[in-house]
Amino acid sequence: MGARLLVVQHEPDAPAGWLGEWWAAAGVELDVVRADLGQPLPARLSDGGHDGLVVLGGAMGANDDALHPWLRPTKELLRDTVRGGSPTLGVCLGHQLASVGLGGAAGPNPHGRTVGVVPVALTPEGADDPLLAGLDGAGAVHFNDDVVGTPPPGATVLARLPDGSAQALRLGERAWSVQFHPETSPEIFGAWLRWERPDGLEPADEALLATVTAARDRLRGTWETFATRFAAQLG
């Protein structure tokens, strides 16, 4: 039997996307939990016989527990999984939830929104990382208003955004989180823009979407490598 990943999805328009496609092709079974629809989360990863945990992105904030009651158990599950040593990946909101759950802090970026294709800027530690080595300067899709302001104790910053905030973290021996979206295709990115502009995209939005669309092949080549490396951690 192949490896099984528990995937926590927060919104209908924020699926596992390309990551799910690549993992499925590698023989990894994805068990997607729509926590926003009330589907229950296990208290521990082992309760469902899963080998790893992935927490995806969403428009809510990592501290919005009162508005979105599944966020608290998601943070608890992230904390338990990271400390238990199982493979873990947090994406965007998942990156922020993992940091908060492990004792760090996240909130609105004082420098404003990061959106579009932004290069990955690896730190020296990131250059030797099992997931990110060799990907310095590669483009990555971003769509976020919040960032990790204070990484949790013991975390290693693997990459930084131009504003200095953590673009990627290693949270444990087999645990990572990224502010960017390796899963996001131009179609998903376009859906996010249209959700914000139901009356039609503005010229700046069209330009952003065109940039992401033009980068499709480079994005796929880069982040399939990343996905394959994460899948190897499940063995």
Side-chain angles (χ1 to χ4, degrees), residues 5-17 19 30-48 50 52-84 86 88-115 141-155 161 163-169 171-172 175-181 183-184 188-189 191-198:
L5 270 178
L6 178 65
V7 179
V8 181
Q9 182 175 336
H10 305 280
E11 295 182 343
D13 291 331
L19 287 178
L30 272 63
D31 182 5
V32 179
V33 174
R34 285 291 304 277
D36 57 317
L37 299 181
Q39 295 179 359
L41 288 166
R44 292 172 299 277
L45 194 68
S46 59
D47 290 349
H50 298 99
L53 172 65
V54 177
V55 178
L56 299 171
M60 58 286 297
N63 301 301
D64 291 345
D65 298 10
L67 295 173
H68 308 288
W70 71 89
L71 295 181
R72 183 179 299 279
T74 300
K75 285 181 278 194
E76 292 170 353
L77 180 60
L78 278 162
R79 181 173 60 246
D80 182 79
T81 304
V82 171
R83 290 178 176 172
S86 294
T88 307
L89 176 64
V91 174
C92 197
L93 173 61
H95 165 72
Q96 298 154 20
L97 289 169
S99 284
V100 173
L102 289 163
N109 188 345
H111 300 282
R113 168 173 285 190
T114 302
V115 61
V141 172
H142 292 69
F143 203 116
N144 59 282
D145 297 292
D146 291 4
V147 292
V148 170
T150 305
L161 283 165
D163 61 26
S165 60
Q167 193 180 27
L169 293 170
L171 303 168
W176 294 265
S177 66
V178 295
Q179 185 58 73
F180 52 86
H181 288 276
E183 84 287 6
T184 296
I188 293 173
F189 185 82
W192 294 345
L193 291 172
R194 294 184 184 96
W195 181 83
E196 293 192 328
R197 310 282 193 199

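In this chain, residues are counted from 1 in sequence order. Hydrogens, waters and symmetry mates play no part in the numbers below; they use all other heavy atoms, side chains included.
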Check for a donor-acceptor pair, side chain of N63 on one end and backbone N or O of A106 on the other, with a separation under 3.5 Å. yes
Between CZ on residue R83 and OG1 on residue T88, distance to nearest 0.5 Å: 12.0 Å
Less than 4.5 Å apart, any side-chain heavy atom of P12 and any of D36? yes
Of all heavy-atom pairs between G57 and A14, which one has the smallest distance, and what is that distance? O-CB, 3.6 Å
Does some side-chain heavy atom of L41 sit less than 4.5 Å from a side-chain heavy atom of E76? no
Return the minimal non-hydrogen interatomic distance between L56 and P15, and the atom names on each side. CD1-C, 3.6 Å
When rounded to the nearest 0.5 Å, the distance separating CG of L53 from CG of D31 is 11.0 Å
Check the pair L78, L102 against side chain to side chain contact (heavy atoms under 4.5 Å, CB included), reporting the backbone distance first and the verdict last. CA-CA 8 Å; L78 278 162; L102 289 163; over 6 Å; no
If you round to the nearest 0.5 Å, how far is OG1 of T74 from NE2 of H10? 5.5 Å
Just do the side chain to side chain contact (heavy atoms under 4.5 Å, CB included) check on E183 and V7 with the steps written out, would you? CA-CA 12 Å; E183 84 287 6; V7 179; over 6 Å; no
Check whether any side-chain heavy atom of Q179 sits under 4.5 Å from a side-chain heavy atom of L161, and report yes or no. yes
Got a second to check how far E11's CD is from L93's CG, nearest 0.5 Å? 8.5 Å
Considering all heavy atoms, the nearest L169-P152 contact: CD1-CD, 4.3 Å
Ionic contact status for R72 with D65, cut-off 4.0 Å: yes
What verdict does the side chain to side chain contact (heavy atoms under 4.5 Å, CB included) test give for V91 and H181, after you've listed the backbone C-alpha separation in whole Å, the side-chain angles of each residue and the deciding distance to 0.1 Å? CA-CA 6 Å; V91 174; H181 288 276; 3.8 Å; yes
Atom pair OG/NE2 of S165 and H95 - distance to nearest 0.5 Å: 7.0 Å
Where is the tightest heavy-atom contact between V115 and F189, given as atom of each residue plus distance? CG2-CZ, 3.9 Å
Closest contact, heavy atoms only, G61 versus L71: O-CD1, 3.3 Å
Under 3.5 Å: donor-acceptor pair, side chain of W192, backbone of D13: yes
Tell me if a side-chain donor or acceptor on Q39 pairs with a main-chain N or O of R34 at a distance below 3.5 Å. yes
Should Q167 and T114 count as side-chain neighbours, where that means a heavy-atom distance under 4.5 Å? no
Quick check: do L6 and L77 have side-chain heavy atoms less than 4.5 Å from each other? yes
Closer than 3.5 angstrom, by distance alone: can the side chain of S177 be matched with the main-chain N or O of A175 as a donor-acceptor pair? no
Answer yes or no: is there a side-chain heavy-atom contact under 4.5 Å between D80 and L45? no
E196: which residues meet the side-chain hydrogen bond (donor to acceptor under 3.5 Å, both in side chains) condition with it, sequence neighbours left out? R113
